[in-house]
Amino acid sequence: MAKVAEIVEKLNLKLVAGNEGLQNVITTGYTSDLLSDVMGNIKSQSVWVTMQTHKNVMAVASLKDVSAVVIVNGYAPEDDLIEQSNAEDIPLLVTEDTAFDISAKIYELIK
Amino acid sequence: MMEFNFKIESGDFTNAGSISSSVKRALKQLNVDGSVIKRTVVALYESEVNVVAHSHGGEVVVNIFDDCIKINITDSGPGIPDIEKAMTQGFSTASPEVREMGFGAGMGLPNIKNNTDDFDLKSEMGVGTVLKFVNYFKA
Ligand SMILES: Nc1ncnc2c1ncn2[C@@H]1O[C@H](COP(=O)(O)OP(=O)(O)OP(=O)(O)O)[C@@H](O)[C@H]1O
Ligand SMILES: [Mg+2]
């Protein structure tokens, strides 16, 4: 089973916060920018790929037992999102890739 | 029986989810079934966000019994003019700013309905909205 640390290393993701969660297991993923869609549909132990950068991302991630959040297009996470990621021990990762590209790469690693 | 009370401020998006998080912790401590916890936090989170995004503010009363959790969310208006329409997947009156944050998919109320055993939504224009739901701990 893939761990967060593995996708960070193999896909060259920038680890911004939530280092304590690097051993979280990833079994699947979900790609969406609509919080209610994620709330309704993401499975636990998912990696969540999104362009949203504000604090509510971690509220949703924590309530849904998400393993890691990947922010796309090189967008900068807001400060209170970074703080919340550390508080929840859910890794916050950033990639320069688009949502499509990074989702495909993660899929290849965990399928 | 345990009772918890919380206040929700209109427009306070940064704290949206904190009530759900407290209730999740309480249910975990009580060893409630994981799938019931999941359903409850989805419904409560969406309820919190609706009060923040669409109302003048309100409060949440949570009652935990031996066999179920009952949650009442009351706000002080403006109210929902057409409940049936509001319940329709995809219907939203969220502002452009709120949509930009990823809210406003029109999925919150359907999510609440799908994740609760008993669901009751009532609203009076100019007075406010009352949402009550119950989740049972055993099927
Ligand atoms: N407490 C409330 N007070 C007033 N109007 C409400 C309230 N809750 C919901 N509504 C109305 O019902 C609509 C649908 O709510 P719903 O939660 O399904 O979607 P949303 O909040 O617009 O978007 P999403 O929940 O997907 O982020 C809202 O856009 C709003 O017009
Ligand atoms: Mg909503």
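Bear in mind the structure is a predicted one, so any value in this text is a computation, not a measurement. Lettering follows sequence order; numbering is per chain, from 1.
The environment of B:Q89 atom CD is dense: over 12 non-hydrogen atoms of other residues, nucleotides or ligands sit within 6.0 angstrom. The number of heavy-atom neighbours closer than 6.0 Å to CG of B:D82, taken from other residues, nucleotides and ligands shown, is above 12. Sparse packing is recorded around CE of A:M1, with 12 or fewer heavy atoms of other residues, nucleotides or ligands lying under 6.0 Å away. For CD of B:E84, the number of neighbouring non-hydrogen atoms (other residues, nucleotides, ligands) closer than 6.0 Å is 12 at most. Atom CG of B:D67 has more than 12 neighbouring heavy atoms from other residues, nucleotides or ligands inside a 6.0 Å radius.
Side-chain contact between A:L34 and B:F103 is absent, with no heavy atoms from C-beta onward closer than 4.5 Å. Side-chain atoms of A:L35 and B:M107, non-hydrogen and from C-beta on, never get closer than 4.5 Å to each other.
In this structure, the separation between OG on B:S20 and NZ on A:K64 is 11.5 Å, given to the nearest 0.5 Å. The structure places CD1 of B:I37 at 9.0 Å from CG of A:D65, a figure rounded to the nearest 0.5 Å. Here the CZ atom belonging to B:F13 is positioned 13.5 Å from the NZ atom belonging to A:K55, to the nearest 0.5 angstrom. To the nearest 0.5 Å, atoms CG (B:L109) and OG (A:S36) are separated by 9.5 Å.
The hydrophobic clustering, which links ILVMFWY residues whose side-chain heavy atoms are closer than 4.5 Å, places A:V70 and A:L11 together. The hydrophobic cluster containing B:L30 also contains B:F137, counting ILVMFWY residues as joined when their side-chain heavy atoms lie under 4.5 angstrom apart, directly or transitively. Residue B:I83 is grouped with residue B:I73 when hydrophobic side chains (ILVMFWY) are merged at heavy-atom distances under 4.5 angstrom, including chains of intermediate members. At a threshold of 4.5 Å between side-chain heavy atoms, the hydrophobic network of Ile, Leu, Val, Met, Phe, Trp and Tyr places A:M51 and A:W48 in one connected group. At a threshold of 4.5 Å between side-chain heavy atoms, the hydrophobic network of Ile, Leu, Val, Met, Phe, Trp and Tyr places B:F119 and B:V23 in one connected group.
For A:D33, the part lying under 4.5 angstrom from a heavy atom of chain B is the backbone only. For A:S44, the part lying under 4.5 angstrom from a heavy atom of chain B is the side chain only.
Between chain A and the residues B:K24, B:M101, B:K38, B:E46, the largest count of heavy-atom pairs under 4.5 Å involves B:M101.
Proximity to chain B among residues 101-111 of chain A is not found for any residue, judged by heavy-atom separations below 4.5 angstrom.
Contact record, A:L63 with B:V41: O-CG2, 3.8 Å, taken as the closest heavy-atom pair. Residues A:M39 and B:N111 come closest through the heavy atom pair CB-ND2, 4.2 Å. In this structure, B:A16 and A:A59 approach most closely via the heavy-atom pair O-CB, 3.8 Å.
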